[in-house]
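Quantities reported herein were computed from a predicted structural model and do not represent experimental measurements.
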Amino acid sequence: MNEEDRISILAVFQTLRAKTSRLLEPVVQSEGLTILQACVLGHLYQQDAAVGDISDLAVIDQANASSLCKKMEREGFLTRTRRGPDRRVVILSLTPKGREAAERIQMRLNRFLELVNALPEKMRSDLLQGFQAAEQMLDYLNDQIKGDHDLC
């Protein structure tokens, strides 16, 4: 890979992150949430989950996921319940406030999906393939550097 390609890949990562944030932040901030917190609500809207599941979903360590969820509990979006024989497993569930916020966010995000759906079929298909390829590449890179903190 030449230097121009290397720089281009890094620029695309940053650009996608920035543009995604610009698009999503107003939606989630209207609920008093961050994008990461909204992601947690969206997941819990589908099913209750353990803190470890949220850690995997958000690609953050378990201690940060636990702190994030404790904050969301204090703000009334979710409840934390200890389960299991030794009570180390913490199961997260949405409160009515959390469920309502998740529903409002989803309604706003549906507008984006309507706009994407209005694109020509070939463009939608190409976008989906590109997103799937990018996700595979990021999974590969994350697997390769797992535990390598020298990059920071």
Side-chain angles (χ1 to χ4, degrees), residues 6-83 88-119 123-152:
R6 293 165 58 110
I7 292 170
S8 179
I9 287 173
L10 294 174
V12 167
F13 282 163
Q14 180 58 34
T15 300
L16 286 173
R17 183 186 165 286
K19 288 183 177 184
T20 301
S21 291
R22 188 178 334 140
L23 188 67
L24 297 179
E25 281 177 355
V27 172
V28 301
Q29 286 175 348
S30 68
E31 296 295 334
L33 297 166
T34 65
I35 291 173
L36 187 55
Q37 290 171 326
C39 183
V40 170
L41 284 188
H43 184 74
L44 294 177
Y45 188 77
Q46 301 301 315
Q47 64 186 16
D48 291 353
V51 172
D53 298 330
I54 299 304
S55 172
D56 293 342
L57 171 77
V59 194
I60 58 176
D61 65 43
Q62 192 138 353
N64 286 338
S66 182
S67 295
L68 173 76
C69 294
K70 285 177 185 175
K71 180 176 191 232
M72 292 178 71
E73 181 183 38
R74 283 190 307 271
E75 293 173 355
F77 291 104
L78 57 85
T79 60
R80 299 166 62 250
T81 308
R82 293 197 175 274
R83 292 202 186 138
R88 283 189 287 182
V89 176
V90 177
I91 301 297
L92 308 167
S93 304
L94 289 182
T95 62
K97 176 183 177 177
R99 184 160 297 283
E100 290 167 6
E103 288 171 353
R104 285 189 299 269
I105 290 169
Q106 188 57 53
M107 285 186 344
R108 290 182 186 106
L109 294 178
N110 282 341
R111 175 67 178 134
F112 299 145
L113 296 176
E114 290 169 7
L115 294 170
V116 170
N117 197 44
L119 294 171
M123 186 180 286
R124 284 195 322 263
S125 175
D126 290 348
L127 284 169
L128 182 58
Q129 284 182 317
F131 286 140
Q132 289 169 337
E135 182 180 22
Q136 288 172 351
M137 181 182 60
L138 290 168
D139 286 344
Y140 167 77
L141 292 172
N142 279 306
D143 288 345
Q144 296 305 306
I145 64 166
K146 198 168 268 179
D148 186 356
H149 299 291
D150 292 337
L151 293 174
C152 300

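Heavy atoms from other residues, nucleotides or ligands lying under 6.0 Å from CD of Glu135 number 12 at most. Within a 6.0 Å sphere centred on CZ of Phe131, other residues, nucleotides and ligands contribute 12 heavy atoms or fewer.
Shortest non-hydrogen contact noted between Leu92 and Cys69 is CD1-SG, 3.4 Å. Nearest heavy-atom pair, Arg124 versus Asn117, reported as atom, atom and distance to 0.1 Å: NH1-O, 2.8 Å. Contact detail for Gln62 and Ser55: the closest heavy-atom pair is N-OG, 3.5 Å.
Once rounded to the nearest 0.5 Å, the distance linking OG of Ser66 with CD1 of Ile60 reads 9.5 Å. Separation of atoms CG (Leu94) and CG (Asp48) is listed at 7.5 Å; rounding is to 0.5 Å. From Ile54, atom CD1 reaches atom CG of Asn64 across 13.5 Å, with rounding to the nearest 0.5 Å. Note that CD of Gln136 is 12.0 Å distant from CG of Leu141, once rounded to the nearest 0.5 Å. The line from CG of Leu33 to CZ of Phe77 is 4.0 Å long, rounded to the nearest 0.5 Å. The distance from atom CG of Leu24 to atom CD1 of Ile35, rounded to the nearest 0.5 Å, is 5.0 Å.
By the side chain to side chain donor-acceptor pair (under 3.5 Å) test, Gln106 is found to be paired with Asn110, residues two or more places apart in sequence or in another chain being considered.
Salt-bridge check for Glu103 with Arg99: failed, with every basic side-chain N at 4.0 Å or more from each acidic carboxylate O. Ion pairing between a basic and an acidic side chain is recognised when a charged N comes within 4.0 Å of a carboxylate O; Lys70 and Glu73 show no such pairing.
Exactly one residue among Arg108, Gln37, Lys97 makes a side chain to side chain contact (heavy atoms under 4.5 Å, CB included) with Glu31. That residue is Arg108.
For Asp56 (side chain) and Asp53 (main-chain N/O), no donor-acceptor pair under 3.5 Å exists by modelled atom type. Between the side chain of Ser21 and the backbone N or O of Arg17, at least one donor-acceptor pair lies under 3.5 Å. Remark: side-chain polar atoms of Ser30 are paired, donor with acceptor, to backbone N or O of Val27 under 3.5 angstrom.
For the pair Met72 and Leu41, the minimum side-chain heavy-atom distance is below 4.5 Å. Inter-residue side-chain proximity for Phe13 and Ile9 is flagged as met; some heavy-atom pair is nearer than 4.5 Å.
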